[in-house]
Amino acid sequence: CSLTLQFVVLLLNIVQEKQLKLRQGLRLVGTSDSIYWLAWTVTGLFVALTAVISQIAVGYACNLTFFTNTAFGVNFVVLIVYCISMIPFAFLLSVFVKSL
């Protein structure tokens, strides 16, 4: 659930920037589109890394069998790949969402 929440928060932040026309302001001062999307990607990766580590920590703390019977590396890779795949999906959906 926390991993999907980071997707929703990323999507809402991008749409909010679009509503406030902050991206157009960045274009006026010379920021390229690739830098804009790179910044959002780095932000999404940082949030995803934090969410994955906290999810695994809570899973181990609560002694959930999914986490305790599977190696840490496998859990980490599966969850981080899911989060990384959700970042471009949030970018795609932000094109279709007009307002919050």
Side-chain angles (χ1 to χ4, degrees):
C1 182
S2 68
L3 302 180
T4 305
L5 179 64
Q6 65 98 12
F7 161 75
V8 172
V9 169
L10 181 65
L11 178 63
L12 290 176
N13 286 334
I14 294 171
V15 170
Q16 184 179 20
E17 270 195 8
K18 185 169 69 170
Q19 277 185 325
L20 297 174
K21 300 187 189 290
L22 296 177
R23 186 171 172 205
Q24 291 175 351
L26 289 172
R27 280 187 187 157
L28 288 175
V29 296
T31 305
S32 66
D33 286 340
S34 59
I35 296 297
Y36 174 79
W37 291 114
L38 179 66
W40 272 116
T41 302
V42 169
T43 302
L45 287 174
F46 178 74
V47 171
L49 184 65
T50 306
V52 165
I53 290 174
S54 65
Q55 177 109 14
I56 292 173
V58 168
Y60 278 119
C62 293
N63 204 19
L64 298 175
T65 57
F66 174 78
F67 294 100
T68 56
N69 292 340
T70 310
F72 173 80
V74 174
N75 284 333
F76 182 79
V77 168
V78 167
L79 294 175
I80 201 71
V81 166
Y82 171 75
C83 287
I84 289 173
S85 69
M86 295 305 282
I87 293 170
F89 188 57
F91 295 166
L92 175 70
L93 287 182
S94 72
V95 173
F96 300 111
V97 177
K98 300 270 186 220
S99 64
L100 298 175

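For the single chain, residues carry numbers from 1 onward in sequence order.
Cluster membership for Phe66 and Tyr82, using ILVMFWY side-chain heavy atoms within less than 4.5 angstrom, is shared. Clustering ILVMFWY residues whenever any of their side-chain heavy atoms sit less than 4.5 angstrom apart, transitively, puts Leu93 in a cluster other than the one holding Val47. Hydrophobic clustering, with ILVMFWY side chains joined whenever heavy atoms are under 4.5 angstrom apart, groups Tyr36 together with Leu10. In this structure, Val97 is a member of the same hydrophobic cluster as Leu92, with clusters built from ILVMFWY side-chain heavy atoms closer than 4.5 Å.
Annotation: Phe46, atom CZ; neighbour count of heavy atoms from other residues, nucleotides and ligands within 6.0 Å does not exceed 12.
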Verify side-chain contact (heavy atoms from CB on, under 4.5 Å) between Val95 and Lys18, making sure each step is shown before the conclusion.
-> CA-CA 9 Å; Val95 173; Lys18 185 169 69 170; 5.5 Å; no
Would you check, one step at a time, whether the test side-chain contact (heavy atoms from CB on, under 4.5 Å) holds for Leu45 with Thr41?
-> CA-CA 6 Å; Leu45 287 174; Thr41 302; 4.2 Å; yes
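Between Ser94 and Leu11, the closest heavy-atom pair is N-CD1, 3.5 Å. Of all the heavy atoms in Phe76 and Ile53, the pair that sits closest is CE1-CG1, 4.2 Å.
In this structure, the ring of Phe91 has its center no less than 6.0 angstrom from the ring center of Trp40.
Here the straight-line distance linking atom CD of Gln55 with atom CG of Leu3 works out to 4.5 Å at 0.5 Å rounding. Taken from CD1 in Ile84 to CG in Leu79, the straight-line distance is 11.0 Å, to the nearest 0.5 Å. Note that the CZ atom of Phe89 and the CD1 atom of Ile87 stand 13.5 Å from one another [nearest 0.5 Å]. The OH atom of Tyr60 sits 5.0 Å away from atom CG of Asn75, with the distance rounded to the nearest 0.5 Å.
Residues Asn13 and Val9 have side chains in contact (heavy-atom distance under 4.5 Å, counting atoms from C-beta outward). The shortest side-chain heavy-atom distance between Asp33 and Arg27 falls under the 4.5 Å cut-off. In this structure the side chain of Trp37 reaches within 4.5 angstrom of the side chain of Ile14, judged on heavy atoms. The shortest side-chain heavy-atom distance between Ile56 and Val52 falls under the 4.5 Å cut-off.
Checked by atom type and distance alone, the side chain of Thr70 never pairs as donor or acceptor with a backbone atom of Phe67 at under 3.5 Å.
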